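The structure appears below as structure tokens.
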Amino acid sequence: MTWSEVVGARRAEVSHPVASRLIESILTKQSAVMLSGDVSSTNELIKLIEKVHPWIAAIKTHIDCMEGASDGWEDVIACCREKDLPIMEDRKFADIGAISYQQMLKGVNIAGWADVVTAHGVSGPDIIDGIIDAWKGEGRQGGVVLLAQMSSRGNLVEAVLTEPVVEMGVGNPGVIGYIGNGSNPEA
């Protein structure tokens, strides 16, 4: 099977609209690369997107680490939309559902522009519901990617949490994927 056939077969298995959009972007761009937009300002991020957009399928952001986000974030969103790039905000939400709901809507209104967010499963399935409800409140649909493993040395998200987090996500239609790794956190 060719790469495109493998990705196309995966598309047939996906029902969530955001997951489908990500797969469509991968097929259109012929790339499964997600740009980690970890630069210090919105201007730098826009310049980076302008340079690499033909070779990336999506962008991952950390708006809380970005200088100028309060003034320039709309320009980042517009650039991503113009380039047809889904945005994953790598916030790693970790609170109860009601607080995560508020975090999605208050301040920079993540629910208004992010297509995907990351979340820890340690607080239970209500976190997913809170995030999904925030998107609904904005008249949008988004997808949650659960953190099932971490690569940082000494992290507490060990194998004992990986399986329950994956099981929690399997039963929830708002979960579109998982963060895992094959790295050695002790190295």
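Only a predicted model underlies this, so the values are computations on that prediction, with no experimental measurement involved.
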State the [atom1]-[atom2] distance between [X] and [Y], to the nearest 0.5 angstrom.
{"X": "L146", "Y": "T162", "atom1": "CG", "atom2": "OG1", "result": "11.5 Å"}
{"X": "M150", "Y": "K92", "atom1": "CE", "atom2": "NZ", "result": "6.0 Å"}
{"X": "I59", "Y": "I87", "atom1": "CD1", "atom2": "CD1", "result": "7.0 Å"}
{"X": "L48", "Y": "H53", "atom1": "CG", "atom2": "NE2", "result": "11.0 Å"}
{"X": "L147", "Y": "L161", "atom1": "CG", "atom2": "CG", "result": "10.0 Å"}
{"X": "E89", "Y": "D115", "atom1": "CD", "atom2": "CG", "result": "11.5 Å"}

Please determine whether a side-chain nitrogen of the Lys or Arg among [X] and [Y] lies less than 4.0 Å from a carboxylate oxygen of the Asp or Glu.
{"X": "R140", "Y": "E138", "answer": "no"}
{"X": "K47", "Y": "E50", "answer": "no"}
{"X": "D84", "Y": "R21", "answer": "yes"}

>> Tell me if a side-chain donor or acceptor on Q102 pairs with a main-chain N or O of I99 at a distance below 3.5 Å.
In response: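 Looks like no, no N/O pair under 3.5 Å.
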Consider only side-chain heavy atoms of I, L, V, M, F, W and Y, link residues closer than 4.5 Å, and tell whether [X] and [Y] are in one cluster.
{"X": "V165", "Y": "V170", "value": "yes"}
{"X": "L45", "Y": "V33", "value": "yes"}
{"X": "I77", "Y": "L22", "value": "no"}
{"X": "I131", "Y": "L105", "value": "no"}
{"X": "M104", "Y": "M88", "value": "no"}

How far apart are the closest heavy atoms of [X] and [Y], and which atoms are they?
{"X": "A119", "Y": "V144", "result": "CB-CG1, 4.0 Å"}
{"X": "I63", "Y": "W113", "result": "CD1-CZ2, 3.9 Å"}
{"X": "Y178", "Y": "V166", "result": "OH-O, 3.0 Å"}
{"X": "V18", "Y": "H16", "result": "N-ND1, 3.1 Å"}
{"X": "M34", "Y": "K60", "result": "SD-CB, 3.7 Å"}
{"X": "I56", "Y": "L85", "result": "O-CD2, 3.5 Å"}

[X] side chain near [Y] side chain, heavy-atom distance below 4.5 Å:
{"X": "Q103", "Y": "F93", "answer": "yes"}
{"X": "I49", "Y": "C80", "answer": "yes"}
{"X": "D133", "Y": "K136", "answer": "yes"}
{"X": "I127", "Y": "H120", "answer": "no"}
{"X": "V76", "Y": "T42", "answer": "yes"}
{"X": "M168", "Y": "I128", "answer": "yes"}
{"X": "W135", "Y": "V117", "answer": "yes"}

Between [X] and [Y], does any side-chain donor sit less than 3.5 Å from a side-chain acceptor?
{"X": "S40", "Y": "E44", "result": "yes"}
{"X": "D95", "Y": "S100", "result": "no"}
{"X": "D38", "Y": "S36", "result": "yes"}

> After noting the C-alpha distance and the side-chain angles of M66 and T61, does the key distance pass the side-chain contact (heavy atoms from CB on, under 4.5 Å) rule?
Replying inline: CA-CA 9 Å; M66 186 83 45; T61 62; 5.7 Å; no
